[in-house]
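Reviewing the structure listed below.
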Amino acid sequence: MEGFTIGKKGVFLETVKFENNLELSLLSRGNGVEIIQQTIEEGKLFYVYPSENASSLEFYYILSGQVICELDTEKLTLGPEDYFSVRGLNNPIYFTALSKVTLLCVFTEPTFVHISKDISALKEITKQVELKDRYTYKHSDRVAEYSVKIAKKLKLGKEQLENLAVAAVLHDIGKIHVPSEVLTKPGKLTDEEFELIKKHPGDGAEMVRDSFYKELAPIIEQHHERLNGSGYPHGLSGEEILLEARIIAVSDTFDAMTEDRAYRKAFKEQIALNELRRLAGSHYDKEVVMAFEQILKEEGRIS
Ligand SMILES: [Fe+2]
Ligand SMILES: [Fe+2]
């Protein structure tokens, strides 16, 4: 049934095990919120940390087992159906599992993405791509940083922002299938070589489709589409292209122009922005380019 998901006992979107007998399983996620089942083996210590974001909430409900919670002044024993919340915490709080404990956790900030094996494996591929392709590293990280800044300026919703941030890091993973000689070729590409390059958005989307971050696939697939239909792989135009992909297109082009490549020196940031402005409306989304220009001005990078 559309919009309805049943999960059977012991079946999870993804499980991550930590060596100290802690296990986290993702049950559901949406709109930046994650529902996680956590198990801790008997006798083990675990803790909750202050969050970077003071407004984020972590909620824990004990399904089975018993824990001791160590507060400044007292030690409390908590058991099944007891629960605790973490919001605006200043110092870590430590717990000891008296028996094997299972907790149901609700996090309002994406947490699982940072420990996900799927995402780590894909990020590892991003690094390999950068080794093959780039004269300097960190292209993907910078594209993600620019994209998030633009998204905040444009007031994108939380879910869009989170997906954009991960998609931006992974946008070029499909290049892992393109030979290094083609990626770093200084001169004009032959038609065959360009055909190989044109496959990377689709290949990247395919690699993500197998993970539970499937919704990133269309964003990755569309990052080389251009408003007037001149992009690849599908020649989509205008609103057919996702806003997230239009944002990555701007960040990606800017970063590609302002970094040294094997075959040329970096362009000045002002020059790169002028180029984006020249192509705003035809290749790039005007609003996205304007938002980015504002950011660069605020950061004193252009005049
Ligand atoms: Fe790309
Ligand atoms: Fe790129």
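Remember, it's a predicted structure, so these values are computed and weren't measured experimentally. In each ligand, atom 1 is the first atom listed, and ligand 1 is the first ligand listed.
Within 6.0 Å of CZ in Arg277 there are 12 or fewer heavy atoms belonging to other residues, nucleotides or ligands.
Judged purely by distance below 3.5 Å, without hydrogens or angles, the side chains of Asn53 and Ser51 never pair a donor atom with an acceptor atom.
Ring orientation note: the planes of Phe84 and Tyr60 are close to parallel, at an angle under 30° on the 30°/60° scale. The aromatic rings of Tyr232 and Phe194 lie perpendicular to each other, with more than 60° between the two planes, well past the 30° mark. Between Phe46 and Phe95, the ring-plane angle classifies as parallel under the 30° and 60° cut-offs.
The NE2 atom of His171 and the OD1 atom of Asp252 subtend an angle of 90° at the Fe ion (ligand 2), given to the nearest 10 degrees.
Among the heteroatoms counted here (N, O or S) of His224, NE2 is the one nearest to the Fe ion (ligand 1). Shortest distance from the Fe ion (ligand 1) to His223 is reached at NE2 (N/O/S atoms only). Summary: OD2 is the N/O/S atom of Asp172 found nearest to the Fe ion (ligand 2).
When distances to the Fe ion (ligand 2) are checked against a cut-off of 2.8 Å, His139 contributes an N, O or S atom below that limit.
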